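Working notes for the structure below.
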Amino acid sequence: MAPRLVASGWRRSLPVVLSPLLAGQLCHCERPDTWPLEETFVAKVPGILDCTWDEEWVRFQQTMKQNAEDGFPFEDEIFEQADRMISKHLVTFLEFHRTKSNEFFHDCDREKPRGVICLYGMLSALFVHTFYLRQKVDHGVGSTQEQEVLGHSISLARLLVINKNNCLDFYASSNWPITLAQFVKHLHPRAEPASSILDDPSDPFPRHDGGEAARTIAAEPVAPSRGPAWQARWPTFASASAKSLYAAGAPSLVEAQRLAVYITGTHVALAREPAEMLRRFAGPLLGCEFDIVLEIVDDQHCDLVGCAKMSDETTSEGRKPAGRLAHLPPVGLRELALPRFRPRWTGLDIEGFSELVEEFRQRFAAHPLHREVDLFVCSSPTVLCTLVADFDRPIIAYMGEPLLLGVAPNERDEWFVRFEAMARDERNFFACYNPFLSDMIEYQTGLAVPVIRMHGLYTNAVYTPTRSHQVLVVKGPNICVDPACLLNRFSWDEDYFHRPHSTAEADDAAARGLRRFTFFGLDELGGAPYPKLASFRATIMYPYDVALAIFYELYSMGMPIFLPKTELLPFYIFRGLHSDHHYHFLKPGFGGLNGTLPPFVPSFGIEQWWSAGPSWSAHTDFSRFPHLLRFETVAELLAALAPGATDWAAVSAAMQRFNQETLVLSSAQWAAAVAGTFAPGVGARTKTRLESSSL
């Protein structure tokens with residue numbers, strides 16, 4: 001029995017009648033339509049979204065709802081109410097944003113909210129205010145003062161909408177009768193006349209005809225899509241690498257050779273991925289084995305997912321190597337780097353980088369690994385590849401964050417030159433783990449960098465939904481709202497403060513027959529191991545950057561993933577590292593790609609967000625990967641989670657088929673990357689090893 005959506009007139013999404021009772025382990029269950037629908041409850045909108053503590057806001061919402069039910073006619077009463085509410089609360093509203101207040105965030109977890117700010121009420125009032133004033137201005141009857149007020153109101157509303165925090169993620173799930181998509185369409189710098197804003201609210205980034213300017217806008221160029229990015233280099237690279245490898249005596253090499261690999265970086269997932277792919281796939285394809293040493297400067301990723309607890313192979317200091325490297329101690333990169341690292345909200349600064357490079361080179365030169373290592377692998381930030389660039393060994397770079405991350409402004413031009421030299425060196429191989437970064441680097445430098453998808457097979461976890469009533473929530477920093485808290489508010493309503501507060505409590509509640517959905521934020525689980533993450537019913541992901549390692553890790557598990565609808569991705573993905581303006585520079589003398597919008601969408605970049613945001617969102621795997629579950633409102637989420645609504649086994653199986661198909665490609669890419677680094681002419685020492693191995 002499928003869930004039933006109950007809507008009253010204007011509102012198409014709430015309340016939702018659904019069942020909290022879920023049945024069995026979903027990958028081994030009966031047909032979805034055989035699940036029982038035994039108990040129902042109505043998911044109510046939390047009062048903090050509708051400002052139910054304030055009678056004036058309640059009356060204003062009722063006026064808006066009635067106006068919406070009547071088809072949004074122009075009425076003086078609703079405009080006057082909006083104008084009055086803005087005038088009354090504007091100072092508090094501006095102070096709320098100026099101070100980055102957490103009051104709205106904390107109100108979610110309070111029995112009696114303080115109600116310092118009615119955030120969604122103010123947003124709705126701004127919509128009405130600008131909508132009506134634009135109508136007057138568009139028809140030539142707006143006074144000079146009204147035109148000035150309109151300009152201020154629109155500027156304020158635009159900054160509120162595009163500000164890179166999560167304040168508005170639940171606006172469409174509230175009872176305010178305007179969606180965020182409609183508001184964005186209304187605020188577009190090239191929006192249509194106000195009378196048509198509400199005709200088709202589905203497209204938040206409208207285009208229109210009329211006039212030469214409009215025709216130019218409608219034909220806005222988008223960044224080129226080359227298909228799989230690696231194809232630009234792959235055919236020549238693969239064939240040349242294979243021929244060169246065998247010409248150098250590679251058959252004997254692959255029969256007996258053990259290659260020593262030193263992997264480093266600041267993100268453990270980006271380091272573990274090449275280690276896993278080299279050992280499990282590239283090695284067998286090439287007929288060789290890899291002895292791998294990992295030295296990673298990373299606490300945050302492991303704190304989130306418990307990766308250090310998952311295996312005794314990897315720690316933040318280094319991976320215990322096998323073979324001839326087993327007895328060697330770490331070089332000590334972490335010890336050298338941490339005192340110089342200065343993390344920022346959306347970035348990383350490295351103090352005294354040249355000194356760090358020199359100290360590492362001296363330490364590595366005196367370390368026994370210096371005589372053993374055949375191949376270096378560097379990851380993020382890419383500038384750390386400089387640490388190993390002068391040791392006359394091949395380098396594989398597996399990039400995952402902005403090219404300029406960790407680069408001081410006064411060293412930027414020099415780094416562009418050094419990067420291009422390393423990337424063009426035939427003995428090196430540079431790749432990205434996501435298509436957005438690859439295309440961004442091409443826009444900055446003109447270099448087409450291959451893309452090798454991250455698989456995250458090092459998790460050794462497979463989707464096993466034993467916690468069928470618990471849902472994992474992956475979100476960015478809790479700047480303004482806490483998605484897990486609000487989702488639990490929707491699900492538990494009056495019982496919110498009696499809900500399970502841990503997965504153990506939720507397990508106990510399920511054993512007692514209480515199986516209402518409970519949502520847990522990834523950051524609240526205290527470094528849960530990967531198998532525990534794989535035990536949740538599904539994941540709800542609010543992507544806060546253009547790519548996230550946890551997305552690929554969960555996808556490879558076959559874990560069903562809910563993501564915002566593709567047309568809403570611009571609201572989410574430009575909140576992270578790639579939107580920091582410090583990383584939005586081009587190589588000296590390079591003017592970008594002709595006919596391509598820049599991929600740079602900085603905070604408060606109004607024009608960039610509207611013009612480039614939609615097209616560049618399509619360059620993310622959040623947009624491209626198949627078999628993802630899409631949503632706009634909480635009502636849609638709860639409906640999809642209800643018994644019989646989603647065939648979880650089928651979704652997971654489809655994801656695994658895609659995983660297997662792309663794994664074949666990725667394995668070949670890693671093998672060819674290694675083969676290319678050991679082609680003739682990549683250094684006397686390497687060539688000597690190849691020739692001696694063939695004897």
Side-chain angles (χ1 to χ4, degrees), residues 229-230 232-234 236-237 240-241 244 261-266 270 274 333 350 352-362 364-365 370 373-433 437-452 582-593 669 672-687:
W230 50 267
R233 177 180 174 184
W234 186 257
T236 303
F237 166 76
S241 298
S244 299
V261 183
Y262 181 80
I263 302 179
T264 189
T266 64
L270 291 173
L333 173 62
I350 304 176
F353 180 71
S354 58
E355 289 82 0
L356 171 62
V357 172
E358 184 58 31
E359 290 175 6
F360 179 85
R361 287 174 178 169
Q362 291 179 10
F364 190 85
H370 179 253
V373 167
D374 301 289
L375 173 68
F376 289 112
V377 177
C378 52
S379 54
S380 180
T382 310
V383 71
L384 289 187
C385 296
T386 309
L387 296 176
V388 298
D390 293 334
F391 286 109
D392 196 29
R393 310 288 202 285
I395 299 172
I396 293 178
Y398 193 52
M399 299 179 289
E401 292 173 318
L403 180 62
L404 294 175
L405 180 66
V407 179
N410 63 330
E411 298 173 350
R412 191 182 297 133
D413 292 353
E414 180 183 350
W415 164 239
F416 273 120
V417 174
R418 187 66 185 268
F419 169 74
E420 182 166 356
M422 288 192 295
R424 289 187 180 277
D425 191 327
E426 292 184 356
R427 64 179 179 175
N428 298 335
F429 182 84
F430 277 55
C432 297
Y433 88 94
L437 180 58
S438 173
D439 292 340
M440 181 174 173
I441 291 174
E442 183 177 11
Y443 188 91
Q444 292 177 286
T445 67
L447 299 175
V449 182
V451 177
I452 305 181
H582 293 88
Y583 312 134
H584 296 172
F585 292 88
L586 307 184
K587 180 182 70 174
F590 184 69
L593 300 178
Q669 288 176 286
V674 174
T677 64
F678 287 98
V682 300
R685 180 179 181 278
T686 301
K687 186 174 182 181

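Please read all numbers here as calculations on a predicted model, not as lab measurements. Just so it is clear, the values below take in all heavy atoms, side chains as well, and ignore hydrogens, waters and symmetry mates.
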**Study point:** Point-to-point distance, once rounded to the nearest 0.5 Å, from OG1 of Thr264 to CG of Leu270
**Key:** 12.0 Å
Practice item. Just do the side chain to side chain contact (heavy atoms under 4.5 Å, CB included) check on Arg393 and Val388 with the steps written out, would you? Key: CA-CA 8 Å; Arg393 310 288 202 285; Val388 298; over 6 Å; no
**Study point:** Gln444 (side chain) donor-acceptor with Phe590 (main chain) under 3.5 angstrom
**Key:** no
Study note, to complete from the structure: Heavy atoms of Phe416 and Phe585 approach each other most closely as CZ-O, 3.5 Å
Check your understanding: Hey, is the main chain of Pro450 close enough, under 3.5 Å, to the side chain of Ser438 for a donor-acceptor pair?
Key -> no
Review point. Hey, what do you get for CD1 (Ile441) to SG (Cys432), rounding to the nearest 0.5 Å?
Key: 4.0 Å
Review point. Do the rings of Phe430 and Phe419 sit parallel, tilted or perpendicular, given the 30° and 60° boundaries?
Key: perpendicular
Point to revise | Phe376 side, atom CZ; Asn428 side, atom CG - distance, nearest 0.5 Å | key: 11.0 Å
Practice item. Would you check if the distance from the ring center of Tyr262 to the ring center of Phe391 is below 6.0 Å? Key: no
**Study point:** Shortest non-hydrogen separation from Asp374 to Pro394 and the atoms involved
**Key:** O-CD, 3.3 Å
Practice item. Can you see which heavy atom on Trp415 is nearest to which on Thr382, and at what distance? Key: CH2-O, 3.6 Å
Exercise for review: Compare every heavy atom of Arg361 with every heavy atom of Leu387, then report the nearest pair and how far apart it is.
Suggested key: O-CG, 3.8 Å
**Study point:** Separation of Ile396 CD1 from Leu375 CG (nearest 0.5 Å)
**Key:** 4.5 Å
Study note, to complete from the structure: Between Ser379 and Gly265, the two heavy atoms sitting closest are OG-CA, 3.4 Å
Review point. How long is the span from the CD1 atom in Ile452 to the OH atom in Tyr398, to the nearest 0.5 Å?
Key: 6.5 Å
Study note, to complete from the structure: For Val383 and Leu405 the tightest heavy-atom approach is CG1-O, 3.8 Å
Practice item. Drop me the distance from Arg418's CZ to Cys385's SG, to the nearest 0.5 angstrom. Key: 10.0 Å
Practice item. Give a yes or no on whether the backbone of Glu401 and the side-chain of Tyr583 come within a donor-acceptor separation of less than 3.5 Å. Key: no
Revision key, fill the gap. Per salt bridge (charged side-chain N to carboxylate O under 4.0 Å, His left out), Lys587 is matched among Glu420, Glu414, Glu442 by Glu420
Point to revise | Working for side chain to side chain contact (heavy atoms under 4.5 Å, CB included), residues Phe429 and Val377 | key: CA-CA 9 Å; Phe429 182 84; Val377 177; over 6 Å; no
Practice item. Would you please test Asp392 and Arg427 for side chain to side chain contact (heavy atoms under 4.5 Å, CB included) and show each step? Key: CA-CA 10 Å; Asp392 196 29; Arg427 64 179 179 175; 2.7 Å; yes
Review point. Going through the distances and angles, do Leu403 and Met440 end up as a side chain to side chain contact (heavy atoms under 4.5 Å, CB included)?
Key: CA-CA 9 Å; Leu403 180 62; Met440 181 174 173; over 6 Å; no
